[in-house]
Amino acid sequence: MGPKIKFSRFVGLVFLVAALTGATANAWAAGGNTPQGLKADGLRLQGIAERYAQMRGYTQDGLKADGLRYQALARAYASRPAASYYTPQALKAEGLRWQAMARSYAQPQVVGKSGFDWGAAGIGAIGVFVAMLCGAVLFLGVRRIREEKLAV
(Lines give C-alpha, C1' and ligand atoms only; values in the text may rest on other atoms or scores of the structure.)
Protein backbone atom coordinates (compact mmCIF):
# COMPACT_ATOMS: atom_id res chain seq x y z
CA MET A 1 0.00 0.00 0.00
CA GLY A 2 1.55 3.25 -1.13
CA PRO A 3 1.79 6.47 0.85
CA LYS A 4 -0.86 8.17 -1.31
CA ILE A 5 -3.41 5.47 -0.52
CA LYS A 6 -2.59 5.69 3.17
CA PHE A 7 -2.98 9.47 3.03
CA SER A 8 -6.31 9.29 1.20
CA ARG A 9 -7.60 6.76 3.74
CA PHE A 10 -6.45 9.04 6.55
CA VAL A 11 -8.25 12.02 5.00
CA GLY A 12 -11.38 9.90 4.60
CA LEU A 13 -11.16 8.82 8.23
CA VAL A 14 -10.83 12.44 9.36
CA PHE A 15 -13.96 13.40 7.40
CA LEU A 16 -15.85 10.41 8.80
CA VAL A 17 -14.92 11.29 12.38
CA ALA A 18 -15.85 14.94 11.81
CA ALA A 19 -19.23 13.96 10.36
CA LEU A 20 -20.05 11.54 13.16
CA THR A 21 -18.94 13.76 16.04
CA GLY A 22 -20.26 17.08 14.77
CA ALA A 23 -23.79 16.53 16.00
CA THR A 24 -22.53 15.19 19.29
CA ALA A 25 -20.41 18.26 19.90
CA ASN A 26 -23.34 20.54 19.11
CA ALA A 27 -25.64 18.63 21.43
CA TRP A 28 -23.09 18.81 24.26
CA ALA A 29 -22.54 22.55 23.78
CA ALA A 30 -26.28 23.22 23.59
CA GLY A 31 -27.31 22.01 27.00
CA GLY A 32 -25.04 19.59 28.78
CA ASN A 33 -26.88 17.66 31.48
CA THR A 34 -30.61 18.25 31.72
CA PRO A 35 -32.73 16.75 34.50
CA GLN A 36 -34.44 14.47 31.98
CA GLY A 37 -31.08 13.40 30.57
CA LEU A 38 -29.72 12.61 34.02
CA LYS A 39 -32.81 10.57 34.86
CA ALA A 40 -32.58 8.74 31.53
CA ASP A 41 -28.91 7.94 32.16
CA GLY A 42 -29.72 6.62 35.62
CA LEU A 43 -32.53 4.44 34.31
CA ARG A 44 -30.36 3.17 31.48
CA LEU A 45 -27.57 2.24 33.86
CA GLN A 46 -30.05 0.52 36.19
CA GLY A 47 -31.38 -1.48 33.25
CA ILE A 48 -27.88 -2.51 32.25
CA ALA A 49 -27.12 -3.55 35.83
CA GLU A 50 -30.31 -5.62 36.01
CA ARG A 51 -29.54 -7.24 32.64
CA TYR A 52 -26.08 -8.21 33.84
CA ALA A 53 -27.63 -9.80 36.90
CA GLN A 54 -29.88 -11.95 34.67
CA MET A 55 -27.23 -13.03 32.14
CA ARG A 56 -25.76 -16.53 32.05
CA GLY A 57 -22.76 -17.92 30.20
CA TYR A 58 -20.16 -15.48 31.48
CA THR A 59 -17.85 -15.97 34.42
CA GLN A 60 -19.49 -15.18 37.72
CA ASP A 61 -16.63 -12.93 38.82
CA GLY A 62 -16.85 -10.90 35.61
CA LEU A 63 -20.61 -10.56 35.87
CA LYS A 64 -20.38 -9.56 39.49
CA ALA A 65 -17.71 -6.93 38.81
CA ASP A 66 -19.61 -5.43 35.88
CA GLY A 67 -22.91 -5.54 37.75
CA LEU A 68 -21.43 -3.82 40.78
CA ARG A 69 -19.86 -1.14 38.60
CA TYR A 70 -23.14 -0.41 36.81
CA GLN A 71 -25.09 -0.45 40.07
CA ALA A 72 -22.66 2.09 41.54
CA LEU A 73 -23.08 4.33 38.49
CA ALA A 74 -26.87 4.00 38.70
CA ARG A 75 -26.84 4.88 42.42
CA ALA A 76 -24.69 7.93 41.69
CA TYR A 77 -27.30 9.20 39.25
CA ALA A 78 -30.31 8.20 41.35
CA SER A 79 -29.10 9.54 44.70
CA ARG A 80 -28.85 13.18 43.60
CA PRO A 81 -31.95 15.09 42.51
CA ALA A 82 -31.58 17.15 39.37
CA ALA A 83 -32.25 20.39 41.30
CA SER A 84 -29.07 19.87 43.32
CA TYR A 85 -26.99 20.71 40.25
CA TYR A 86 -28.22 24.30 40.19
CA THR A 87 -27.95 27.07 42.76
CA PRO A 88 -30.95 29.37 43.33
CA GLN A 89 -29.09 32.18 41.56
CA ALA A 90 -28.42 29.95 38.54
CA LEU A 91 -32.09 28.93 38.40
CA LYS A 92 -33.16 32.59 38.57
CA ALA A 93 -30.71 33.54 35.81
CA GLU A 94 -31.97 30.66 33.67
CA GLY A 95 -35.56 31.76 34.21
CA LEU A 96 -34.76 35.35 33.26
CA ARG A 97 -32.95 34.15 30.14
CA TRP A 98 -35.96 32.07 29.07
CA GLN A 99 -38.31 35.00 29.73
CA ALA A 100 -36.15 37.28 27.59
CA MET A 101 -36.13 34.70 24.79
CA ALA A 102 -39.93 34.39 25.00
CA ARG A 103 -40.32 38.18 24.78
CA SER A 104 -38.02 38.40 21.77
CA TYR A 105 -39.97 35.71 19.92
CA ALA A 106 -43.34 37.24 20.85
CA GLN A 107 -42.46 40.57 19.21
CA PRO A 108 -42.46 40.71 15.41
CA GLN A 109 -39.03 41.03 13.88
CA VAL A 110 -38.72 44.08 11.66
CA VAL A 111 -36.13 43.93 8.93
CA GLY A 112 -34.58 47.32 8.26
CA LYS A 113 -33.99 46.94 4.54
CA SER A 114 -35.64 45.03 1.77
CA GLY A 115 -34.06 43.70 -1.35
CA PHE A 116 -31.10 41.57 -2.21
CA ASP A 117 -28.61 40.84 0.57
CA TRP A 118 -25.18 40.85 -1.04
CA GLY A 119 -23.46 39.71 2.15
CA ALA A 120 -25.54 36.53 2.38
CA ALA A 121 -25.08 35.91 -1.33
CA GLY A 122 -21.31 36.26 -0.98
CA ILE A 123 -21.21 33.79 1.90
CA GLY A 124 -23.29 31.33 -0.13
CA ALA A 125 -21.08 31.76 -3.18
CA ILE A 126 -17.93 31.15 -1.13
CA GLY A 127 -19.51 28.03 0.37
CA VAL A 128 -20.40 26.66 -3.06
CA PHE A 129 -16.90 27.46 -4.34
CA VAL A 130 -15.26 25.63 -1.42
CA ALA A 131 -17.54 22.62 -1.91
CA MET A 132 -16.74 22.50 -5.62
CA LEU A 133 -13.02 22.88 -4.91
CA CYS A 134 -13.12 19.98 -2.44
CA GLY A 135 -14.99 17.86 -4.98
CA ALA A 136 -12.47 18.67 -7.71
CA VAL A 137 -9.52 17.84 -5.47
CA LEU A 138 -11.14 14.56 -4.48
CA PHE A 139 -11.96 13.70 -8.10
CA LEU A 140 -8.44 14.46 -9.31
CA GLY A 141 -6.87 12.57 -6.41
CA VAL A 142 -8.92 9.43 -7.08
CA ARG A 143 -8.22 9.68 -10.80
CA ARG A 144 -4.48 9.99 -10.23
CA ILE A 145 -4.41 7.03 -7.85
CA ARG A 146 -6.30 4.89 -10.37
CA GLU A 147 -3.91 5.91 -13.18
CA GLU A 148 -0.92 4.89 -11.04
CA LYS A 149 -2.53 1.52 -10.28
CA LEU A 150 -3.00 0.87 -14.00
CA ALA A 151 0.60 1.82 -14.76
CA VAL A 152 2.01 -0.64 -12.21
Side-chain angles (χ1 to χ4, degrees), residues 1-113 117-142 145:
M1 193 178 331
K4 291 183 180 180
I5 293 174
K6 287 182 182 178
F7 179 73
S8 66
R9 286 187 178 175
F10 175 74
V11 170
L13 180 64
V14 168
F15 280 118
L16 179 66
V17 169
L20 293 177
T21 59
T24 306
N26 287 337
W28 180 257
N33 294 331
T34 63
Q36 293 85 4
L38 292 172
K39 184 176 182 181
D41 286 342
L43 291 173
R44 181 179 58 84
L45 292 171
Q46 284 176 348
I48 291 172
E50 290 170 4
R51 178 69 180 128
Y52 265 94
Q54 297 171 356
M55 290 177 67
R56 299 285 182 244
Y58 294 97
T59 64
Q60 291 299 319
D61 292 336
L63 283 175
K64 185 176 181 179
D66 285 342
L68 290 173
R69 181 171 59 91
Y70 282 120
Q71 285 174 356
L73 284 170
R75 276 193 302 274
Y77 277 103
S79 65
R80 296 191 310 192
S84 69
Y85 294 107
Y86 301 105
T87 64
Q89 295 85 7
L91 289 173
K92 183 177 180 181
E94 191 74 18
L96 291 173
R97 186 177 71 85
W98 279 102
Q99 287 175 357
M101 285 175 47
R103 280 193 305 272
S104 71
Y105 282 112
Q107 298 171 354
Q109 301 291 328
V110 179
V111 178
K113 62 180 182 176
D117 188 0
W118 286 100
I123 291 171
I126 290 171
V128 169
F129 176 74
V130 168
M132 290 178 66
L133 184 65
C134 290
V137 167
L138 183 65
F139 176 76
L140 293 175
V142 169
I145 289 172

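We count residues from 1, following the sequence as given.
Residues passing the side chain to side chain contact (heavy atoms under 4.5 Å, CB included) test with V128, sequence neighbours excluded: M132. Residues satisfying the side chain to side chain contact (heavy atoms under 4.5 Å, CB included) test with L43, not counting sequence neighbours, are K39, Q46. Listed by chain and residue number, F7, F15 satisfy the side chain to side chain contact (heavy atoms under 4.5 Å, CB included) test with V11 (two or more places apart in sequence, or in another chain). Residues that satisfy the side chain to side chain contact (heavy atoms under 4.5 Å, CB included) test with Q89, not counting sequence neighbours, are T87.
The two residues A74 and G42 come nearest to each other via the heavy atoms CB-O, 4.1 Å.
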